[in-house]
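Presented below is the structure to which this report refers.
The structure presented is a predicted model; accordingly, all values stated were derived computationally and were not measured.
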Amino acid sequence: MLSDLSDAELLQEYGGDIMRQSYNAGFVALSFFVSLVGTGSTLELINRRTGLNGLYNHVLLVSSAVTMGGVAIWCMHFIGNRAITLASGQSKLQIAYSGGFTAISFVVPIVVLLAAFVAVGSNNRVSWWRVGTGGILSGAAICGMHYLGNASIENYICVYDLGNVIGAAVIACAASTIALAMFFVFRSIWANSWWKRLLSAIVLAGAVSGMHWVAAVGTNYRLKRIHNGNSGPGRDATVIVVICLSVSACFIIAGSAAFRARNMSKSARRAQKVTLGAAVFDKYGRILVDTDGVAPSAVITDSFLEKHAKEGFNVAHPLFHWMFQASRSWPSISSLIAGMKLHLTTLARPGLDRNKSFGIELVSTHGEVVDNYDLIFRELFCTAASVLCERLNQPLTSAGLLWDEILPTGTFGERSRANLKKTSSVASVAEKAAGMAGQEQYGRGSLMFLVRHVEDRDAARLASAGYRFAEVHQVASLLRSRMQIQSSEMESKLRQMASYGQNNVEPARGVHIGFFGMRAKVNTSGFHVLVNKSSKSTLPSVSLKLPALDTAQMDYLQRFNGKTVTAMLQILKQAPTSIVSPSDAKLAEKLFAAITDLREYIRDPLFNEALFTPRIVNVPTTRGERTETMQLLAFRLVIPIHTVATSPTCEFIPLSFFKIQQASLQDQLAFSQGVHRELGFVVQQHSMAYNNTNDRRSFVKRWAKRKASSSKQVDGAEGSPIVRVTERRTSVTKSIQSGSTDELVRDGESEQSHHSLVPAETGTYGGILVSQEITVGIEPAALPSPPPQAAGQNHRLRVGGREDGAVGVELKNLGRTAGASHGDGKLKGAEIGGAFVDLLFAQCAEGR
């Protein structure tokens with residue numbers, strides 16, 4: 001019996017001989033499983049790499065090299081060698097290892113794989129030479145580790161068959177290249193679901209195992225010495241180390257799966273709430289998402305609380321109008337964020353979670369929405385934008401523009417779904433087919449996007465922080481499903497976002513022919529207006545290819561007043577043969593071509609019934625800091641309420657929101673001043689609210705009283721001016737009056753009949769600059785009634801003396817005007833902003 005022989009006798013008996021070998025099937029299967037665990041964890045870590053720079057990506061790079069080299073290759077090798085049984089299982093004749101080479105065989109493949117993964121890269125575009133280089137280096141790491149591991153065998157001399165060595169190297173390099181190619185192709189097209197990563201991991205594990213066993217079959221072991229167990233790690237000790245490393249790799253896979261499930265669950269919960277997302281695009285039009293294909297987002301509030309039965313949170317809501325303008329004025333709002341957060345903290349109550357943001361009670365004990373809900377919602381929107389910017393490591397001033405649509409998200413329960421179906425069945429066909437954003441689908445939550453475009457430097461910084469830029473067509477469906485967006489046209493919406501706010505075209509100049517079609521809303525007040533689907537701040541129009549119209553041309557256009565599109569085209573088609581004047585013939589030709597192009601663009605039969613208005617309306621157009629004026633000749637039409645619009649290029653939006661879009665182009669300064677007047681008091685008084693938490697209601701009452709006395713707010717309904725603050729804060733105490741101010745106050749007059757003029761904000765809108773205080777008397781004057789103030793109007797205050805010692809106040813317009821002109825190109829009538837909308841609205845309403 002071999003077990004009865006001493007070490008010297010065994011060496012004398014078998015020294016220099018090739019040992020007979022057999023294989024344990026259990027360890028063979030275990031070796032493949034260990035390799036699969038290692039390759040699976042490696043691909044999971046590589047999948048989360050988003051760039052070459054940044055601590056986040058460096059940690060993932062090193063970890064993936066360790067799991068591949070240390071687990072998939074090193075552990076597999078020693079488990080595989082454990083399956084080799086020599087000399088019929090004689091314990092003294094089994095393979096033994098030396099500690100030095102064993103440690104080297106662990107480190108070397110990790111270093112080589114670091115180079116391989118760096119060569120492969122981490123971007124979304126597959127580079128075949130990079131994948132090929134990475135595959136060859138990975139194969140070299142597998143082969144190198146195998147033969148270094150065999151070199152650590154101290155009691156045998158390994159004898160190799162050249163054919164098996166070459167075959168093993170080919171298998172390692174080819175299978176590694178195929179596996180990496182599969183993985184990165186799936187990753188680049190965002191089709192890397194768990195089973196596809198598993199398939200890639202199986203192929204890569206097959207490369208490791210296939211190489212090992214092809215080489216092992218061609219390896220013979222010649223006995224060199226008898227291992228006495230006192231030097232080097234034993235077989236069992238090696239197995240224990242392998243098991244520990246394999247378990248660690250299993251934890252990586254399980255942790256990654258748990259992290260993904262947690263993110264998916266968080267996204268599902270956010271889908272039931274009012275959420276603000278970040279749509280960040282690079283210069284190639286790719287959108288920023290995390291490794292799970294979800295756009296960054298932050299919760300504004302659990303749900304929008306309706307004050308009235310017919311009120312809903314949509315683009316026609318005044319709160320959305322405010323947020324839309326606020327996103328154009330982040331520099332002026334950024335200085336208020338800290339105060340907003342502290343103010344919200346002072347209103348928080350512990351233990352309030354359901355339907356309460358920041359722990360704020362938004363519903364009174366009587367089940368009614370709190371009086372200051374609009375204020376709190378605005379602050380929640382601003383703080384959510386701030387939180388989103390902090391996650392992206394960017395300043396609030398770069399938060400981006402609020403997109404002009406609210407996307408419904410989340411799902412209803414069965415009972416809620418049944419009630420919604422019952423309610424929607426009562427709605428008219430016209431309302432369903434209106435094409436309104438957010439009304440084609442329904443959901444429990446709402447998602448708004450702040451759209452921003454970044455350059456290469458910012459894109460690289462975001463990639464280093466753990467985000468990826470992906471092609472829109474690759475992640476549209478993934479983003480829609482994981483964020484539970486109830487929209488069937490997500491890809492087209494993302495493409496609209498990608499071009500939103502770019503202003504890549506020159507401002508429109510000259511004379512244009514446009515279409516102003518409005519329709520009354522169903523079951524509510526107000527109107528919709530037909531706009532371009534790709535640019536909802538513009539009316540459908542085409543150029544007349546004329547820089548301006550002279551008096552003679554305007555006289556010629558008067559003959560078409562009130563004509564329909566169909567009738568006008570019939571007249572213009574015969575105009576060149578029936579008109580003597582060459583200039584009129586040329587104008588008729590251009591007019592015919594423009595109307596034909598406009599009709600082809602709209603592609604809706606309702607346009608044929610539109611009536612022509614030979615009155616020029618001046619429309620402001622903006623690109624960056626540049627502002628131009630476009631002269632518009634409009635066709636007008638009041639569309640019947642039950643008419644369905646079928647235009648593929650146009651859609652209806654609320655007229656009030658269209659006016660807000662026009663005002664936001666020119667009126668950021670006035671809006672910023674209004675924000676500071678409205679919210680500045682709350683922000684400045686947050687410390688008082690914090691120290692007097694038991695008197696919050698009186699604090700809100702004081703704020704409401706101050707707001708009522710300091711600003712004049714219009715409800716923003718169609719046909720009425722847009723919200724604008726026109727007065728300064730009323731002085732109610734003598735404590736803020738100086739001696740010179742007191743001298744201006746007549747004896748016997750009450751303080752309520754005087755106004756204290758507080759100086760305006762600084763140029764950066766970050767604070768209030770106190771430079772002078774003037775108190776003036778307000779007296780009625782026998783002057784003609786001024787025209788109603790239009791949206792976006794700025795005023796200049798002139799204080800002057802009169803002979804009787806009283807002080808007069810005169811408000812004059814500072815803004816440029818845009819309205820009707822009479823062929824001379826001069827702007828008359830109404831101010832820039834939404835005024836031209838009022839003129840078009842009046843033309844439709846009056847039928848002129």
Given side-chain contact (heavy atoms from CB on, under 4.5 Å), test Phe657 with Asn314 step by step and report yes or no.
CA-CA 10 Å; Phe657 179 54; Asn314 50 49; over 6 Å; no
Are Phe516 and Phe635 close enough that their ring centres sit under 6.0 Å apart?
no
Side-chain heavy atoms of His473 within contact of Leu494, under 4.5 Å
no
Counting C-beta onward and ignoring hydrogens, is there a side-chain heavy-atom pair between Val511 and Leu633 closer than 4.5 Å?
yes
Just by modelled atom types, is the Leu401 backbone N or O under 3.5 Å from a matching donor or acceptor in the Ser327 side chain?
no
Which heavy-atom pair separates Gly400 from Trp330 by the least distance, and what is that distance?
O-NE1, 2.8 Å
Of Lys659, Gln661, Met518, which is the lone residue that meets side-chain contact (heavy atoms from CB on, under 4.5 Å) with Val837?
Lys659
Do the rings of Phe304 and Phe377 sit parallel, tilted or perpendicular, given the 30° and 60° boundaries?
perpendicular
Compare every heavy atom of Thr646 with every heavy atom of Pro605, then report the nearest pair and how far apart it is.
CD-OG1, 4.0 Å
Distance under 6.0 Å and angle within 45° of the ring axis: does Arg328 meet both against Phe324?
yes
Side-chain contact, heavy-atom cut-off 4.5 Å: Phe313 with Met448?
yes
Looking at side-chain heavy atoms only, is the closest gap between Trp322 and Phe671 below 4.5 Å?
yes
With heavy-atom distances below 4.5 Å as the criterion, would you say the side chains of Phe469 and Ile287 are in contact?
no
In sequence, state the C-alpha distance, the side-chain angles, and the governing distance for Ile406 and Leu447, and then conclude on side-chain contact (heavy atoms from CB on, under 4.5 Å).
CA-CA 6 Å; Ile406 301 176; Leu447 175 62; over 6 Å; no
Gap separating the CZ atom of Arg559 from the CD1 atom of Ile571, nearest 0.5 angstrom
9.0 Å
About how many Å separate NZ of Lys586 and CG of Leu546, when rounded to the nearest 0.5 Å?
7.5 Å
If I compare all heavy atoms of Ala520 with all of Ile641, which pair ends up nearest, and what's the gap?
O-CG1, 3.5 Å
Within the side chain of Thr613, is there an N or O that forms a donor-acceptor pair under 3.5 Å with the backbone of Arg615?
no
Test: Arg452 cationic atom under 6.0 Å from Phe281 six-membered ring centre, within 45° of axis:
no
Could you walk me through whether Ile602 and Phe515 pass side-chain contact (heavy atoms from CB on, under 4.5 Å), step by step?
CA-CA 9 Å; Ile602 296 176; Phe515 175 50; 3.7 Å; yes
Between atom CG of Leu479 and atom CD of Gln484, what is the distance when rounded to the nearest 0.5 Å?
12.0 Å
If I take atom CD1 from residue Ile653 and atom OG from residue Ser537, how far apart are they, to the nearest 0.5 angstrom?
8.0 Å
Could you tell me whether a side-chain N or O of Ser541 sits under 3.5 Å from a main-chain N or O of Gly514, the two making a donor and an acceptor?
no
Compute the centroid of each ring, for Phe658 and then for His528, and state whether the two points are separated by less than 6.0 Å.
no
Set out, in order, the CA-CA distance, both residues' side-chain angles and the distance that settles side-chain contact (heavy atoms from CB on, under 4.5 Å) for Phe592 and Lys573, then state yes or no.
CA-CA 7 Å; Phe592 180 83; Lys573 190 175 183 179; 4.0 Å; yes
Heavy-atom pair with the smallest gap, counting every atom of Ala279 and Met497:
CB-SD, 3.8 Å
Of the non-hydrogen atoms in Ala326 and Ile333, which two are nearest, and what is the gap between them?
CB-CD1, 3.5 Å
When you measure from the side chain of Asp604 to the backbone N and O of Phe607, does any donor-acceptor pair fall under 3.5 Å?
no
Looking at Trp403, I'd like to know if the NZ or CZ of Lys536 sits under 6.0 Å from its six-membered ring centre while staying within 45 degrees of the ring's axis.
yes
Would you find a donor on one side and an acceptor on the other, under 3.5 Å apart, between the side chain of Ser535 and the backbone of Asn532?
no
Okay, side chain of Ser543, backbone of His512: is any donor-acceptor separation there less than 3.5 Å?
no
With a 3.5 Å distance limit and no angle check, can you tell me whether Glu609 reaches the backbone of Leu606 through a side-chain donor-acceptor pair?
no
Could you tell me whether the side chain of Arg480 and the main chain of Ser487 form a donor-acceptor pair under 3.5 Å?
yes
So with a 6.0 Å cut-off around NZ of Lys533, is the heavy-atom count from everything else above 12?
yes
Take a 6.0 Å sphere around CD of Gln558 and say whether it holds more than 12 heavy atoms from other residues, nucleotides or ligands.
yes
In terms of heavy-atom contacts, Pro654 and Val529 come closest through O-CG1, 4.4 Å
Is there a side-chain contact between Leu840 and Leu539 (heavy atoms, below 4.5 Å)?
yes
Less than 6.0 angstrom separating the ring centers of Tyr500 and Phe449, yes or no?
no
Any side-chain heavy-atom pair of Gln553 and Ser583 under 4.5 Å:
no
Between His453 and Gly285, is there a donor-acceptor pair closer than 3.5 Å when you use the side chain of the first and the backbone of the second?
no
Is there a donor-acceptor pair under 3.5 Å between the side chain of Thr564 and the backbone N or O of Ala567?
yes
Rounded to the nearest 0.5 Å, how far apart are CG of Asp584 and CG of Asp555?
9.5 Å
Heavy atoms, side chains only, cut-off 4.5 Å: are Thr275 and Thr409 in contact?
no
CG of Asp282 to CG of Leu288: how many Å apart, nearest 0.5 Å?
9.0 Å
Is Lys283 salt-bridged to Glu455, going by a charged N under 4.0 Å from an acidic O?
no
